[in-house]
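First the structure, in the form of structure tokens, and then the observations on it.
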Amino acid sequence: MTDLAHPDRLAKVAAIRADGRDPYPARGVKGEPVAELRAAAGSAAEPGARVGSTVTATGRLLGLRDFGKLIFAPLADRSGRLQVGLQKNRLPDWWPRRKELDGGDLVAITGELGHTQKGEPTIWATSVQLLAKAVAPPPEKWHGLTDKEARYRRRYVDLWASDGVQGVFIKRSAVLSGIRRFLEDQGYIEVETPTLHPIVGGATARPFVTHHNALGSDLYLRIAPELYLKRLIVGGLERVFEVARNFRNEGVSQRHNPEFTMLELYEAQADYRRMMELCEQLIEGLAQTVNGGTTVEYRGDTYDLSAPFKRQRYPDLFQEHNGCAFDDEPAVRARATELGIKEVDGFWKLSNDVFEETVEDSLRGPIFVTDYPVQICPLTKTSPEDERLAERFELFIGGMELANAFTELNDPAEQERRFAEQVALKDPETPGEVDYDYVQALEYGMPPTGGLGLGIDRLVMVLTGQDSIRDVLLFPAMRSLPGAEQELEENEAAPEEAVQG
RNA sequence: GGGCGCGUAGCUCAGUCGGUAGAGCAACUGGCUUUUAACCAGUAGGUCCCAGGUUCGAUCCCUGGCGCGCUCACCA
């Protein structure tokens, strides 16, 4: 047991066992959601149809208010809360054991649906059944858990002790099912591609490295599913999507977690314009489904997520905010010096750094920034109208990048050349070798294709009004505590004993 | 990784200008059959994050470490 287990509560567990009863029975009890029971109770002035009938509910007792021969307690389940009233004269057999019950315990309550004198809907219990004893005490009833570290580390408490937390994750689930419904209606199929990659690719990011013992080779946790999904387009699946967990070995922040979820989709015979329409329709539809409207509050500002979103070209935005063209090298270099931006990976990266510094924060959105410099788009088709530009767009809301999409580069020779350029940079965030298998896939012919990547965590942040990505992740990345680290080392010391799949 | 801040009872927080600590809630005992942060009386509960240093004495001051938050950098 950990030191959170309370001696008094442990003593109650022992007493229940000594009495021949089970504090952790194997079988649950079927109850009705308390929100439905609350609705069925109506109000004291206008009692619902089921007032006076016998009902059963299960859930967690959040606190006990003991009046001697009457105890009130809120019972919480996933649907909400409903008060239960425990009275001596309705529970003559159970009453002597009432001290066995503590706040936080999981119970099944059967009783008569009714109201109190103050009109609170209440189950007047005729049966109390312990389903699982809580030996760790619940958090303080009024403040709850406010310490963010405790909330993230003990999400299993936060979820029922903090208002609104369950709601965020229920909405997140609605976002995912909404995405699946929307795309399946459009003829897409959901696929799963490898998470362990022999070659890093599909994005610019530092990977996590791991090792496969039997194969005797290092593998990388995927930073993006992109190259595998486009292989499927070569394979003729035509419309595919994956809800992909990606891993990037970079810093954590309010907007970054080392593992995050991205929707990636690819559609044959489509281009980036079609992807823009798909993207805005998807987001508008999700806002309607999840929030019942397209207006959202995020970081103190109001955003209208109804389609169509605003569109502005990258070259125009660059010119507007910097007074020079993005490819006017002397002027851009002068501007970079003025802003204190240093060159790391050549002029085009520098130019884009200037763009990000001067433009991105002002993009409240929702806005599509379109037509990026081709040099910073290694997987994107060059614009037929302007060879300096690539058919790519990014979606911004509240200064935050939510989506990235383009008309996919399908010329194998050009793809090989651009891969080689990336490898030549020898940057820890660019691929270390050319993915020839992917080039070969393109050699078989990939149809004209549009692709879209949408950050699910960030989208959920916008749709639920959460400022930090940690608040839309059930278990955000945290440093391991000293004790946990020790356990990890002990486990690693005996790998042969690891459980086999 | 850098900067700033925080770490005291199960939870939310006071406090000690350096003399080993308090409140409310939770728990326990007693009272109370209509509360909803119930109330009243009492009891118990702490390596004051860790390790060094200064000091007669450190929870407090200093140094280092650990953890978290915010922020900057990198990225989505």
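All chains are named by letter (A, B, ...) in the order of the sequence lines, taking the proteins before the strands, and each is independently numbered beginning at 1.
One side chain, A/Glu391 or A/Thr407, offers a donor N or O that lies under 3.5 Å from an acceptor on the other. The closest side-chain donor-acceptor pair between A/Arg392 and A/Asn404 falls under 3.5 angstrom.
A salt bridge links A/Asp301 and A/Arg364; the closest N-O separation between the charged side-chain nitrogens and carboxylate oxygens is under 4.0 Å. Salt-bridge formation is not detected for the pair A/Glu421/A/Arg418: no Lys NZ or Arg NE/NH1/NH2 atom is positioned less than 4.0 Å from an Asp or Glu carboxylate oxygen.
Side chain of A/Pro137, nearest nucleotide from B/G10, B/G69, B/A38: B/G10. Comparing B/C70, B/A76, B/U34 by their closest approach to the side chain of A/Ile469 singles out B/A76. Closest contact between the side chain of A/Gln254 and the listed nucleotides B/A38, B/A76, B/U71 involves B/U71. If you check B/C11, B/U34, B/G69 against the side chain of A/Tyr152, the one that comes closest is B/G69. Proximity note for A/Lys148 (side chain, C-beta onward) versus B/C11, B/G69, B/U33: the nearest is B/G69. Closest to the side chain of A/Lys12, from the set B/C28, B/U34, B/A76, is B/C28. Listed candidates were B/U34, B/A76, B/G69. Nearest to the side chain of A/Gln117 is B/U34. The side chain of A/Glu401 lies closest to B/A76 when the candidates are B/U36, B/A76, B/C11. In the set B/G69, B/U33, B/A27, B/A27 carries the atom at the smallest distance from any side-chain atom of A/Asp8. Among the nucleotides B/U33, B/U34, B/A76, the one closest to any side-chain atom of A/Lys88 is B/U33.
In the interface, the side chain of A/Gln87 is paired with the base of B/U34 through a donor and an acceptor atom under 3.5 Å apart.
Of the residues near RNA chain B, A/Thr122 and A/Asp353, the one whose nearest nucleotide (by heavy atom distance) lies more toward the 5' end is A/Thr122. Nearest-nucleotide mapping onto RNA chain B: of A/Phe260 and A/Gln83, the residue sitting toward the 5' end is A/Gln83.
With a 3.5 Å ceiling on both atom-pair distances, B/U59 lacks any Watson-Crick or G-U wobble partner.
Not less than 6.0 angstrom separates the ring centroid of A/Tyr220 from the ring centroid of A/Phe208.
Nucleic acid contact for A/Arg206: none, since no nucleic acid atom lies under 4.0 Å from a heavy atom of the residue.
Neither OP1 nor OP2 of B/C28 sits under 4.0 Å from any side-chain N or O of A/Arg9. Taking only side-chain nitrogens and oxygens, A/Arg153 never comes nearer than 4.0 Å to OP1 or OP2 of B/G69. In this model, the phosphate group of B/G69 is approached by a side-chain N or O of A/Arg470 to a distance below 4.0 Å at OP1 or OP2.
Proximity of residues 95-104 of chain A to RNA chain B (heavy atom under 4.0 angstrom from any strand atom) is restricted to A/Asp102.
With A/Arg222 as the fixed residue, the salt bridge (Lys or Arg N to Asp or Glu O under 4.0 Å) test singles out one of A/Glu264, A/Glu259, A/Glu192, A/Glu242: A/Glu242.
If you take CG of A/Asp457 and P of B/A76, they are 14 Å apart, rounded to a whole angstrom.
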message: salt bridge (charged side-chain N to carboxylate O under 4.0 Å, His left out), that's the test. Do A/Arg50 and A/Glu36 meet it? Break it down for me.
response: CA-CA 11 Å; A/Arg50 297 179 63 192; A/Glu36 287 175 22; over 6 Å; no
